[in-house]
There are 2 protein chains.
Amino acid sequence: MSTSLHAHVVEHLGSRIVGGQIPRGSILLAAELEEKLQVSRSVIREAIRVLAQSGLVTSTKRVGIRVLGAEFWNPYDSHVIRWRLASDQKGTQLRSLTELRISVEPMAAELAAEVAPEAMRKELMMVSAQMSHYGRQGDLHKFLELDIRFHSLVLAASGNEMFANLATPIGAILRGRTELGLMPERPHEEALLWHQSVSDAISNSDSASARKNMESIMRRTHNEICSLWEGQARIFVDPPKETR
Amino acid sequence: MSTSLHAHVVEHLGSRIVGGQIPRGSILLAAELEEKLQVSRSVIREAIRVLAQSGLVTSTKRVGIRVLGAEFWNPYDSHVIRWRLASDQKGTQLRSLTELRISVEPMAAELAAEVAPEAMRKELMMVSAQMSHYGRQGDLHKFLELDIRFHSLVLAASGNEMFANLATPIGAILRGRTELGLMPERPHEEALLWHQSVSDAISNSDSASARKNMESIMRRTHNEICSLWEGQARIFVDPPKETR
DNA sequence: TTATTTTTATGCCTGCACAGATTGGTGTCA
DNA sequence: TGACACCAATCTGTGCAGGCATAAAAATAA
């Protein structure tokens, strides 16, 4: 067993809950899980703790382990994001993430132009140059990896760790876009220029230009993939009633 | 003991790690923690699992429980956010959160104008009306609660669960702002009007106006509190090197 | 309705065996 | 002598089994 046992249990239960095989409101009993999954109590308990932190279950005395609905899931939890992307809620998850990145990346570019360390500005210039090169050659695979690197770099260079942390799921979006064949046969020339302009602007500390060009990229990106979630229902959580 | 034991251990260790009393690179041993905190192995182990998921520690065989640096912490974890706000990194955390909300709330307002359910539009109108009322009376306490409710509602009404999930930490920002005396003696008249305009626009499905007015609110908000993190160092995480 | 008892699943504790990573020693070869 | 590969000892988290305590739902009585 390469990875730890309780991680397997987390994976097993988590993917089933998010995937809908274990519906909301279900009551799991630790004793049953022990037997069904053939693991000991400590493993079950640690797994339940982890799932509880992700908002998938709550465990209360005398009743058992209650499976919660999607409105309680922690939408920033990396496990939850992965499970949702692998489920039939994929569209909803892609939409949420895309709306978030459209909001965040222009600001990230603006901040990067102000505060990015020199090394990151340099690498950004290299990456955007290579993007143009491989993009014009039509090497979509290489282009994808560079694209992911580019956006991850901008997010990191903003010096905002909450932005930087979005790099992984945003990478997943970009991968999904090409895997689903939503990329044009070769990247549009204007898209290449926008990327180039963003890194130029960041290198020159021109925050307004960095934001503007990133906004252009985001607009096009949105148009390319918003067909994926056409008609998907939205999740309305009621806002926290905190009297404090 | 009202709340569970392992939750106390999580609180104890988590707050100390984030607060810096337990420095990065420290090695904790489960056996020592058992004795020091006077709890059993199972409690320690479950707590460590939770802390590991928050990115505060990793536990490896033969070496122990290694305390990780801030660049590994999960910046969206509600515990982490709370602990950071209670530490001397408060400024950094407030900056990150504020930059995030400045990015997100205009988009949330725009989306809310398109998709908000009728009940939420109604409540938004009520809340903004009361905000004007209590704001003009100079009742800052009541105004604060309404303000939090207002922004939580807009985030929820966007139908994007990632946005909605930011309501709690954003509420913390707003509380912090008045507690630290960064609010004017009574809210500016234009701020009241902007809030009113946002809810009007959402009610009328005018997404452009909703965004524009929310942007105005964000601009002012930023000016009011950016003094809090003057000169605070930024955290640069290096972007994930995922070959996949 | 309200108070009390019973039921029952989780919370917590402990002893034991195992796995895997670090460390140090041993022996071989250059 | 010194570099390097290999092996054994050791340490610590991981997993297992079973026990008691406790809180909260459910059933019963007042």
Side-chain angles (χ1 to χ4, degrees), chain A residues 1-17 22-69 72-74 78-79, chain B residues 1-17 22-69 72-74 78-79:
Chain A
M1 201 81 61
S2 66
T3 153
S4 59
L5 205 35
H6 79 267
H8 277 145
V9 175
V10 169
E11 195 63 32
H12 179 96
L13 292 176
S15 58
R16 261 153 242 262
I17 291 172
I22 306 178
R24 77 162 65 187
S26 303
I27 299 291
L28 310 175
L29 298 182
E32 289 178 6
L33 293 176
E34 278 182 53
E35 190 171 357
K36 193 163 300 183
L37 304 181
Q38 289 294 312
V39 293
S40 71
R41 228 184 305 179
S42 51
V43 172
I44 295 292
R45 288 172 50 83
E46 289 171 34
I48 294 303
R49 284 282 98 79
V50 172
L51 292 172
Q53 205 191 2
S54 305
L56 299 199
V57 302
T58 58
S59 119
T60 60
K61 275 192 163 177
R62 183 53 173 79
V63 41
I65 298 149
R66 170 172 290 116
V67 175
L68 299 176
F72 293 96
W73 303 345
N74 180 354
S78 60
H79 289 134
Chain B
M1 201 82 61
S2 67
T3 154
S4 57
L5 252 191
H6 76 266
H8 276 143
V9 175
V10 168
E11 195 62 31
H12 179 96
L13 292 176
S15 57
R16 261 152 243 262
I17 291 173
I22 307 179
R24 77 162 65 186
S26 303
I27 300 291
L28 309 175
L29 298 181
E32 289 179 5
L33 293 176
E34 277 181 54
E35 189 172 357
K36 193 162 300 183
L37 305 181
Q38 289 294 312
V39 293
S40 71
R41 271 210 308 287
S42 51
V43 172
I44 295 291
R45 292 179 43 170
E46 290 168 34
I48 295 302
R49 276 294 89 81
V50 172
L51 293 173
Q53 203 189 3
S54 304
L56 300 199
V57 302
T58 57
S59 95
T60 61
K61 280 184 175 172
R62 183 52 172 78
V63 40
I65 298 149
R66 169 173 289 117
V67 176
L68 299 176
F72 293 96
W73 303 345
N74 179 354
S78 60
H79 289 134

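These values consider heavy atoms only, across backbone and side chains, with no hydrogens, waters or symmetry-generated copies. Just so it is clear, the structure is predicted and the values come from calculations on it, not from any experiment. Proteins get letters first, then strands, A, B, ... in listed order; numbering begins at 1 in each.
Per the geometry, CG belonging to L37(A) stands 13 Å off P belonging to dG15(D), to the nearest Å. Rounded to an integer number of Å, the gap from CD1 of I65(A) to C1' of dG11(C) is 12 Å. E34(B) places its CD atom 13 Å from the P atom of dT12(D), with the value rounded to the nearest Å. Taking atom CD of residue Q38(B) and atom P of nucleotide dC12(C), one finds them 15 Å apart after rounding to whole Å. Protein atom NE2 of H6(B) is 14 Å distant from nucleotide atom P of dT10(C), rounded to whole Å. Protein atom CD of E35(A) is 16 Å distant from nucleotide atom C1' of dA9(C), rounded to whole Å. Note: CZ (R66(A)) to P (dA9(C)) measures 14 Å, nearest angstrom. Atom CG of L5(A) and atom C1' of dA19(C) are 12 Å apart (whole Å).
Evaluation of atom-type donor-acceptor distances gives no pair under 3.5 Å for the side chain of R45(A) against the base of dT10(C). No N or O donor and acceptor, one from the side chain of R62(A) and one from the base of dT10(C), sit under 3.5 Å apart.
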Which donor-acceptor pairs under 3.5 Å do the side chains of residues 51-58 of chain B make with protein atoms, sequence neighbours left out?
residue: Q53(B); atom: NE2; partner: S54(A); partner atom: OG; Å: 3.0
residue: Q53(B); atom: NE2; partner: D77(A); partner atom: OD2; Å: 3.2
residue: S54(B); atom: OG; partner: Q53(A); partner atom: NE2; Å: 2.9
residue: S54(B); atom: OG; partner: V50(B); partner atom: O; Å: 3.3
residue: S54(B); atom: OG; partner: D77(B); partner atom: OD2; Å: 3.1

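At the heavy-atom level, I48(B) lies nowhere under 4.0 Å from the strands shown. Within 4.0 Å (heavy atoms only), L28(B) reaches sugar-phosphate atoms of the nucleic acid but no base atom. Using a 4.0 Å heavy-atom distance criterion, S59(B) is classed as a sugar-phosphate-only contact. Counting non-hydrogen atoms under 4.0 angstrom, R49(B) reaches the backbone sugars and phosphates but no base.
When side chains are defined from C-beta on, L37(B) counts as touching H12(B), because their heavy atoms get closer than 4.5 Å. Residues I48(A) and L28(A) fail the side-chain proximity criterion, which asks for heavy atoms closer than 4.5 Å. Counting heavy atoms from C-beta on, the side chains of H79(B) and S15(B) never come closer than 4.5 Å.
For the residue pair G64(B) and L29(B), the shortest heavy atom distance occurs at CA-CD2, 4.1 Å.
Contacts of S40(B) classified as side chain to side chain contact (heavy atoms under 4.5 Å, CB included), with partners at least two apart in sequence or in another chain: S42(B), V43(B).
Residue S40(A) places none of its side-chain N or O atoms closer than 4.0 Å to OP1 or OP2 of dG15(D).
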Table of protein N/O atoms under 3.5 Å from nucleotides 20-22 of chain D N/O atoms:
residue: dT22(D); atom: O2; partner: K61(A); partner atom: NZ; Å: 3.2

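With I44(A) as reference, E34(A) is the one residue of E34(A), E32(A), H6(A), R49(A) to meet the side-chain contact (heavy atoms from CB on, under 4.5 Å) rule.
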